[in-house]
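Following: one structure in structure tokens, then a few remarks.
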Amino acid sequence: MRGTVVRGAVVKGPRIAWILARHELRLLVSLVLWGARRTHGVRGGRAFGYAQGQAAVMFGLAFVCVVETVVMSVLLRGRPTVHAVVLLLDVYTVVIVVALHAASVVRPHVLDAGALRIRRATHVDLRIPRERIASVRRETRMTHEQADGELHVDVGSRTSVTVHLTEPVTHVTFFGRRREVRVVRFHADDPDGLIRALATGGRAGGRPGEHTAQA
């Protein structure tokens, strides 16, 4: 049976279709939550957003898609069947682009008494128990080289917080591959506030802007 190889793991066709369908469904649900001004998965925790770093780019992309939709409508006005199909695809593309931003807004990072939950839209959802956090510091990076044991959850190619762990946690990729990571870099719109919140109830030390925890 044929499948797609994703970094050493074989993902079969039906599973790929299911993953993509589930992903688009979550995006559409996020769009509804965004319209209702609700969030997903925050409950009693404290939310930390990250969507501001990509908002301009996402809305710019949505605008370009709208312009393309109008242009194609003009070009295909004499071919009604093709025009209807292309219009449907173009409109759906605009909806998905806006839904990607909506997912980033309604699925923020979450900090509660037990864990730090790092997310990026519907693509990344990593839960780090607080007792495994060795240190966290503000560190702005615009470039990220792939390395074993590291996870980069960048937004607009930028990360602003670096977390080092006392022992690895398991990150499940979009296609279900499991990775053990000990260093996590991610972006938050308020990195200093997140670091201060992590320090609450823990043991702070080191340089300003860095929190060191002991398991």
Side-chain angles (χ1 to χ4, degrees), residues 1-69 72-73 82-112 115-128 151-157 169-179 181 184 186-189:
M1 186 177 294
R2 295 183 178 180
T4 300
V5 178
V6 182
R7 292 188 176 223
V10 177
V11 183
K12 297 180 180 179
R15 177 167 172 77
I16 292 177
W18 161 245
I19 291 172
L20 293 177
R22 181 183 62 184
H23 171 249
E24 294 201 8
L25 178 60
R26 288 176 175 174
L27 288 179
L28 296 177
V29 169
S30 297
L31 192 59
V32 173
L33 291 175
W34 188 44
R37 297 182 178 273
R38 297 176 58 188
T39 56
H40 174 276
V42 176
R43 300 175 191 173
R46 181 174 174 184
F48 290 90
Y50 53 85
Q52 291 180 10
Q54 66 177 16
V57 173
M58 296 303 293
F59 284 115
L61 180 58
F63 176 76
V64 170
C65 290
V66 170
V67 172
E68 180 189 11
T69 300
M72 293 303 295
S73 294
V82 177
H83 174 237
V85 173
V86 173
L87 179 62
L88 178 63
L89 293 175
D90 284 344
V91 171
Y92 187 69
T93 299
V94 174
V95 170
I96 290 299
V97 170
V98 176
L100 280 169
H101 176 68
S104 296
V105 174
V106 305
R107 296 170 182 264
H109 306 310
V110 181
L111 178 64
D112 58 31
L116 170 63
R117 187 178 181 183
I118 298 172
R119 301 195 285 185
R120 182 177 61 193
T122 61
H123 305 90
V124 177
D125 193 340
L126 177 67
R127 186 178 185 276
I128 302 176
L151 175 64
H152 303 145
V153 190
D154 60 286
V155 175
S157 300
V169 295
T170 302
H171 166 58
V172 181
T173 66
F174 183 81
F175 285 108
R177 180 172 174 265
R178 302 173 73 85
R179 292 183 57 212
V181 296
V184 182
F186 64 99
H187 176 68
D189 294 333

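For this chain, numbers begin at 1 and follow the sequence in order.
Leu111 CG to Arg46 CZ: the interatomic distance, rounded to the nearest 0.5 Å, is 8.0 Å. Rounding to the nearest 0.5 angstrom, the gap separating the CG atom in Asp189 from the CD atom in Gln54 is 9.5 Å. In this structure, NE2 on His171 lies 4.5 Å from CG on Leu151, to the nearest 0.5 angstrom. In this structure, CD1 in Ile118 is found 12.0 Å from CZ in Phe48, a value given to the nearest 0.5 Å. Atoms CG and CG, from Leu25 and Leu20 in turn, are 12.5 Å apart once rounded to the nearest 0.5 Å. With rounding to the nearest 0.5 Å, the separation of NE2 in His83 from OG in Ser73 is 3.5 Å.
Within 6.0 Å of atom CZ in Phe174, more than 12 heavy atoms from other residues, nucleotides or ligands are found, so the atom counts as buried in its surroundings. Within a 6.0 Å sphere centred on CZ of Arg22, other residues, nucleotides and ligands contribute more than 12 heavy atoms.
Residues Arg26 and Arg107 form a side-chain contact, since some pair of their non-hydrogen atoms from C-beta on lies under 4.5 Å apart. Using a 4.5 Å heavy-atom threshold, the side chains of Leu33 and Thr39 count as separate.
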Without placing hydrogens or testing angles, list every side-chain donor-acceptor pair under 3.5 Å for residues 91-103, not counting sequence neighbours.
residue: Tyr92; atom: OH; partner: Glu24; partner atom: OE1; Å: 2.2
residue: Thr93; atom: OG1; partner: Leu89; partner atom: O; Å: 2.8

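Between Asp112 and Arg117 there is no salt bridge, since no side-chain nitrogen of the basic residue lies less than 4.0 Å from a carboxylate oxygen of the acidic one.
Looking at every heavy atom in both residues, Val42 comes nearest to Pro108 through CG2-CG, 3.9 Å.
Ring geometry, His109 versus Tyr50: the interplanar angle falls from 30° to 60°, so the pair is classed tilted.
In summary, of the residues considered (Arg177, Arg179, Arg178), a side-chain contact (heavy atoms from CB on, under 4.5 Å) with Val172 occurs for Arg178 alone.
Not counting sequence neighbours, Arg119 has no partner by the salt bridge (Lys or Arg N to Asp or Glu O under 4.0 Å) test.
With hydrogens and angles disregarded, no donor-acceptor distance shorter than 3.5 Å links the side chain of Arg120 to the backbone of Val155.
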